[in-house]
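Heavy atoms only: backbone and side chains are in, while hydrogens, waters and symmetry mates are out. By convention in this document, chain letters (A, B, ...) are assigned in the order of the sequence lines, proteins followed by strands, and residues within each chain are numbered from 1.
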There are 2 protein chains.
Amino acid sequence: MKVKQIRAIKATLDIVCGKWKAAILLVLVGKTLRFSEIKASLPKINHQTLIKQLKELERDGLLERTSYDEAPPRVEYTLTEYGEDLEELLTHMMSWGEKHLELKKQPLEEDEVIIDNFEEERVTSQ
Amino acid sequence: MKVKQIRAIKATLDIVCGKWKAAILLVLVGKTLRFSEIKASLPKINHQTLIKQLKELERDGLLERTSYDEAPPRVEYTLTEYGEDLEELLTHMMSWGEKHLELKKQPLEEDEVIIDNFEEERVTSQ
DNA sequence: CTCCTAGGTACATTAAAATATACTTCTTAC
DNA sequence: GTAAGAAGTATATTTTAATGTACCTAGGAG
């Protein structure tokens with residue numbers, strides 16, 4: 001019985017446990033972004049790593065990659081419906097994790113800032 | 001804003017993403033087990049790995065280690081209240097992961113069986 | 001005395017994930 | 001014709017995680 005449980009849990013973890021996976025998914029919730037935009041949102045990610053993790057997320061059916069035949073190239077990424085389903089789980093992880101951060105009261109370290117906080121400026125400057 | 005979100009999510013993932021962490025936690029839900037019992041539930045885990053992951057889970061406040069001064073030694077592990085809270089999240093991961101397994105219809109591979117299915121026999125043989 | 005047990009430690013090795021550096025392609029802008 | 005930009009590929013290197021093998025301890029059983 002637990003055999004089946006752990007199998008499903010591991011399936012989830014295998015998808016979401018890459019160093020940048022959660023951040024990529026979070027950045028894509030509710031919008032379509034180009035490769036360069038995702039990269040700009042995640043200023044510290046390595047170029048190769050981003051490519052690899054996007055490929056894995058695509059392979060796992062969480063996002064869709066659309067490539068336009070232009071030069072310079074344009075490639076856009078969106079969450080699939082299935083990927084959007086993950087948002088709820090991410091929210092759940094968030095609330096559990098907040099409790100942990102409170103318990104530990106760890107100060108925020110500089111290199112922990114993984115997502116660029118540019119959302120607001122972006123929206124108002126349009 | 002997403003900076004805070006991702007930080008909390010990463011806190012959760014950092015705790016739960018070890019190869020055997022979810023299995024260990026799942027096996028401990030609702031009961032206290034000795035080191036050797038945990039190991040028996042996870043027949044394929046490496047000895048060192050189990051020790052290391054238990055230490056990390058203890059450090060992160062998810063479980064409590066009680067050592068009795070006997071020989072041969074006896075050491076018991078239980079989830080803390082905080083660790084028990086995680087059960088709900090694991091359940092959530094499970095239901096999301098089941099959907100994924102259905103989509104992919106991956107056959108169960110032999111070496112994917114990570115938890116020993118000994119629960120029932122155990123209970124009835126007591 | 002030697003062996004066995006449980007829960008370790010110490011150290012070496014392998015495998016997997018992430019990072020760094022350089023190169024490619026096509027087209028428009030200078 | 002040279003440079004710049006987007007989204008890559010290719011390859012090497014570093015970092016981290018997981019494994020494998022051997023050894024330690026105390027007391028009870030033979």
Side-chain angles (χ1 to χ4, degrees), chain A residues 6 10-11 13-25 27-28 32-60 63-78 109-116, chain B residues 6 10-11 13-25 27-28 32-60 63-78 109 111-115:
Chain A
I6 196 62
K10 286 224 73 175
L13 290 175
D14 284 349
I15 288 171
V16 123
C17 277
K19 183 164 175 188
W20 299 88
K21 295 270 176 77
I24 293 170
L25 292 167
V27 153
L28 278 171
T32 296
L33 294 179
R34 316 179 44 156
F35 180 86
S36 53
E37 292 175 308
I38 300 176
K39 205 179 166 190
S41 311
L42 274 20
K44 291 183 190 162
I45 196 173
N46 175 274
H47 189 74
Q48 304 314 313
T49 307
L50 178 53
I51 289 170
K52 201 182 164 214
Q53 309 231 345
L54 285 170
K55 267 192 189 155
E56 291 172 2
L57 290 170
E58 194 195 352
R59 177 201 63 196
D60 292 333
L63 48 81
E64 206 158 1
R65 177 180 177 281
T66 316
S67 159
Y68 299 87
D69 195 18
E70 305 172 0
R74 179 158 66 99
V75 177
E76 291 182 343
Y77 293 87
T78 334
E109 316 238 334
E110 177 54 33
D111 66 337
E112 232 188 306
V113 180
I114 260 177
I115 293 192
D116 191 14
Chain B
I6 196 63
K10 287 225 74 177
L13 289 175
D14 285 348
I15 288 170
V16 123
C17 277
K19 183 165 174 187
W20 299 89
K21 295 269 177 79
I24 294 170
L25 292 168
V27 153
L28 278 172
T32 295
L33 293 179
R34 317 178 44 154
F35 181 85
S36 52
E37 293 176 308
I38 300 176
K39 206 179 167 190
S41 312
L42 273 22
K44 292 184 189 162
I45 195 173
N46 176 276
H47 188 75
Q48 303 315 312
T49 307
L50 178 54
I51 288 170
K52 202 182 165 212
Q53 308 231 344
L54 284 170
K55 266 191 188 157
E56 289 171 5
L57 289 170
E58 193 196 352
R59 177 202 63 197
D60 292 333
L63 48 82
E64 206 157 1
R65 178 180 176 283
T66 316
S67 159
Y68 299 86
D69 197 17
E70 304 171 1
R74 181 159 63 101
V75 178
E76 292 182 343
Y77 293 88
T78 334
E109 316 234 336
D111 67 338
E112 233 188 304
V113 180
I114 260 177
I115 294 192

message: Tell me whether the side-chain N/O atoms of B/K19 come closer than 4.0 Å to OP1 or OP2 in C/dA16.
response: no
- prompt: What nucleotide, of C/dT9, C/dG7, D/dT9, holds the atom closest to the side chain of B/I51?
  reply: C/dT9
Over 12 non-hydrogen atoms of neighbours within 6.0 angstrom of NZ in A/K44: yes
Interatomic distance, A/F35 CZ vs D/dT9 C1' [rounded to whole Å]: 12 Å
- request: Quick one: label A/Y77 by what it contacts on the DNA or RNA (base, sugar-phosphate, nothing), any heavy atom closer than 4.0 Å.
  value: sugar-phosphate
message: From the set C/dT5, D/dG8, C/dG7, return the single nucleotide nearest to any side-chain atom of B/P73.
response: C/dG7
message: Ignoring hydrogens and geometry beyond distance, is the side chain of A/Q48 in donor-acceptor contact with the base of D/dA10 at under 3.5 Å?
response: yes
- prompt: Hey, does A/V27 have a side-chain heavy atom less than 4.5 Å from the side chain of B/I6?
  reply: no
- prompt: Between B/H47 and B/F35, how do the two ring planes meet: parallel, tilted or perpendicular, split at 30° and 60°?
  reply: perpendicular
- request: To the nearest Å, give me how far apart CD (B/E56) and P (D/dA17) are.
  value: 7 Å
Whole-Å distance separating the CD atom of B/Q53 from the C1' atom of D/dT16: 13 Å
task: Could you check how far CG of A/D111 sits from P of C/dT19, rounded to whole Å?
output: 11 Å
message: I want to check one thing: is the phosphate of D/dA18, taken as OP1 and OP2, less than 4.0 Å away from some side-chain N or O of B/N46?
response: no
- prompt: Side-chain N or O of A/R34 less than 4.0 angstrom from OP1 or OP2 on D/dA6?
  reply: no
message: Tell me the interatomic distance from A/K52, atom NZ, to D/dA10, atom C1', rounded to whole angstroms.
response: 15 Å
statement: Among the nucleotides C/dT9, D/dA6, C/dT27, whichever has the atom closest to the side chain of A/A71 is C/dT27
- request: Could you tell me whether A/E56 and A/K21 make a salt bridge, using a distance below 4.0 angstrom between a side-chain N and a carboxylate O?
  value: yes
field: Side-chain N or O of B/S36 closer than 4.0 Å to phosphate OP1/OP2 of C/dT5
entry: no
task: May I ask you to check whether A/E76 and A/Y68 show a side-chain donor-acceptor distance below 3.5 Å?
output: yes
field: Euclidean distance, atom CD1 of residue A/I114 to atom C1' of C/dA18 [Å, nearest integer]
entry: 13 Å
task: Establish, with yes or no, whether the OP1 or OP2 oxygen of D/dT19 is under 4.0 angstrom from a side-chain nitrogen or oxygen of B/K44.
output: no
- prompt: Roughly, in whole Å, what's the span from CD in B/E70 to C1' in D/dT25?
  reply: 15 Å
- prompt: Given atom CZ of B/R74 and atom P of C/dG8, what is their separation to the nearest angstrom?
  reply: 13 Å
query: Counting only distance, no hydrogens or angles, is the base of C/dG7 paired donor-acceptor with the side chain of B/H47 under 3.5 Å?
result: no
message: Return whichever of B/V75 or A/I45 has its heavy-atom-nearest nucleotide of DNA chain C closer to the 5' end.
response: B/V75
